[in-house]
Structure formats: structure tokens, C-alpha cells
Amino acid sequence: MKKYLMAIVSVIGLAAAISFLLSTRPITAQAQQAQAQPAQPEQPTAVFDAEGKLKRPTGYRAWVFVGAPLTPNALQLGGKANFPEYHHVYIEKKNVEAYLKTGEFPEGTVMVKELTRVLDPTFPDGSRTEPSGRGYFNGEYNGMDVTVKDSKRFAETNKWGFFNFGHHAWPLEETAKEASVSECAGCHIANVAKTDMTWIQFYPLLRDKKHVSGSQLK
């Protein structure tokens, strides 16, 4: 029994010695070089080409979905809306969290508004009946608009730039030039300049901050 205990003690001691040697061994040149490397700057989400056109964002469907306003044609005077599709709005989680803390979006924020048509209307008001009831339902993808916050680049339009990658079925344009003030920015300046150029009132996740904290987005 004594020999058995001595063997256990020896094994434990050997393991401890090996662990100590591993933790105190000199750092290799390769490891030192890796530690000395400066942190790589984060790639901006908004990427512009040499002509200043915005490249169409990718991966946005994994961002935070904040809402989907809808103004169907059939509910408008004259039967035609400026934006008759659902507006599925996506924002990166880090920028949503920043807004919830400060009430403003940080520099570099990108908002993607992916459009979908109303699914095959069967009533004059553009609605249809499904098992859940009569209403409006998502149909075909039908375009994309993108906004980018950059105080220097878009100083003349209250810090935000607006881009249209097409209001039609896929495929969409790969790049887009900045939209004119009359197309987009003017309406935002006139109506939502005080809420960082964003229609916060349409997005409960951003509007009702008392119900949402950054931790709930994780």
C-alpha cells in the first residue's frame, strides 16, 4: 500500500513539474513576433470603389432585423405608392447596441433595406386570405436600398448617404452611386433629422428602448 501511494505521489509530482516547465519556457521568436503584431483595423462594412460608388453589402441577413414597414399600392390615393414593397431593414448588432445606449448610430453604420413585393393580392386593397386570416404577406424579392453614415463623405446630407441598387427582381446592381437629395435624403432631413435620419418610430426594437437592452441581442 505504501509503494502504491508513493507511485501516485511521484506521478502527481511529475505532472506538476511538466506543467511548470511548460508555463515558464521562453517564448519562441515566432510567438514574440505574433504578440508584437499590431491589431489589424476592422474592415469597414461600407466599401466604395474608385469612382465613389458603394459596393452592394453582403451577409446582411445575419444582422439584426429591426422591422418591415409596408405601404401597398392599393391603399394609396391613385393606387400607386412610392415604395409599395415591404422594407426589411437590417443593421449590424454592434450598431444597434450603440444606438440603444446613446440614441445615435456610430460612424460607419450601414442599414440595408431589402424589398419584397406583397404576395399575389386577391382583393382590391392588395390583401389576400391565408390560413392565418386576411392580410398582407411577403412575396418576391424586389430590390434593395442602403444608407451609410459617414459625416465627412456625406456632410451635405446630414451625415448619411443613400443608395439604390435597383427596385426590381434579382439580380441587383453590384454598385450604386449616391442618390440625389430629392430621391432620398431630402425626405429624411425634412421628417427624421432629429432621430439620426432614421424612421425610428417604425422600428419597435429601436423605438421602445425600455423593453430592449444590448444583452438581449446576444
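Position 1 is the first residue of the sequence, and the numbers go up from there. Just so it is clear, the values below take in all heavy atoms, side chains as well, and ignore hydrogens, waters and symmetry mates. Here the structure is a predicted model, which is why all the values come from computation and not from measurement.
- Counting only heavy atoms from C-beta outward, the side chains of T116 and E85 never approach each other to under 4.5 Å.
- N191 contributes a side-chain N or O that, together with a main-chain N or O of C187, makes up a donor-acceptor pair within less than 3.5 Å.
- Between the side chains of T109 and E92, no donor-acceptor pair is found at a separation under 3.5 Å.
- Atoms CG and CE, on N95 and M111 in that order, are 8.0 Å from each other to the nearest 0.5 Å.
- V47 approaches P44 most closely through the heavy-atom pair CG2-O, 3.7 Å.
- Both V148 and L172 are assigned to one and the same hydrophobic cluster, defined by single-linkage of ILVMFWY side chains at heavy-atom distances under 4.5 Å.
- Inspection of the W160 and D196 side chains reveals an N or O donor paired with an N or O acceptor under 3.5 Å.
- The two residues Y86 and A68 come nearest to each other via the heavy atoms CD2-O, 3.9 Å.
- A donor-acceptor pair shorter than 3.5 Å can be found between the side chains of N138 and H88.
- Separation of the Y141 and W170 ring centroids falls under the 6.0 Å cut-off.
- Contact between T129 and F123 at its shortest, heavy atoms only, is OG1-CE1, 3.3 Å.
- A 4.5 Å side-chain heavy-atom check between Y136 and D125 finds at least one atom pair inside the cut-off.
- In terms of heavy-atom proximity, A74 sits nearest to P124 at CB-O, 3.0 Å.
- The environment of E140 atom CD is sparse: at most 12 non-hydrogen atoms of other residues, nucleotides or ligands sit within 6.0 angstrom.
- Here the NE2-CG distance, from H168 to N142, works out to 8.5 Å after rounding to the nearest 0.5 Å.
- Side-chain contact of E114 with Y60: a donor-acceptor pair under 3.5 Å is present, judged by distance alone.
- You'll find the side chain of Q201 reaches within 4.5 Å of the side chain of V192, heavy atoms only.
- Considering all non-hydrogen atoms of both residues, K113 and V89 come closest at CG-CG2, 4.2 Å.
- Under the 6.0 Å distance and 45° angle rule, R207 does not count as a cation-pi partner of F202.
- In this structure, the side chains of L119 and R128 come closer than 4.5 Å at one or more pairs of heavy atoms.
- Expressed to the nearest 0.5 Å, how far CG of L100 lies from CG of L206 amounts to 6.5 Å.
- Note that the CD1 atom of I91 and the CG atom of L205 stand 8.0 Å from one another [nearest 0.5 Å].
- Taking the side chain as every heavy atom from C-beta outward, V110 and W63 approach each other to under 4.5 Å.
- The cluster map of Ile, Leu, Val, Met, Phe, Trp and Tyr, joined by side-chain heavy atoms under 4.5 Å apart, puts F137 and L75 in different clusters.
- For E97 and K101, the salt-bridge test fails: no basic side-chain N is under 4.0 Å from an acidic carboxylate O.
- Ring pair W199/H188 is perpendicular by interplanar angle, where above 60° counts as perpendicular and below 30° as parallel.
- Looking at M197 and T147, their side chains never come closer than 4.5 Å, going by heavy atoms from C-beta outward.
- When all heavy atoms are compared, the tightest approach of P84 to V118 is O-CG2, 4.1 Å.
- Taking the side chain as every heavy atom from C-beta outward, F48 and R153 approach each other to under 4.5 Å.
- Defined by atom type and a distance below 3.5 Å, a donor-acceptor pair is present between the side-chain atoms of R134 and S127.
- Here the side chain of D49 pairs a donor or acceptor atom with the backbone of K53 at under 3.5 angstrom.
- Side chain of D150 to backbone of G108: no donor-acceptor contact under 3.5 angstrom is found.
- Residues M144 and L54 are members of one and the same hydrophobic cluster, defined by side-chain heavy-atom contacts under 4.5 angstrom among Ile, Leu, Val, Met, Phe, Trp and Tyr.
- Hydrophobic cluster membership is shared by F165 and F154, with clusters built from Ile, Leu, Val, Met, Phe, Trp and Tyr side chains linked at under 4.5 angstrom.
- Remark: R56 fails to qualify as a cation-pi partner of F163 under the 6.0 Å distance and 45° angle criteria applied to the six-membered ring.
- Both V146 and Y90 are assigned to one and the same hydrophobic cluster, defined by single-linkage of ILVMFWY side chains at heavy-atom distances under 4.5 Å.
- Side chains of Q76 and T71: a donor-acceptor N/O pair is absent below 3.5 angstrom, by distance only.
- A donor-acceptor distance shorter than 3.5 angstrom exists from the side chain of K149 to the backbone of F105, with no hydrogens or angles considered.
- A heavy-atom distance below 4.5 Å is found between the side chains of T198 and Y203.
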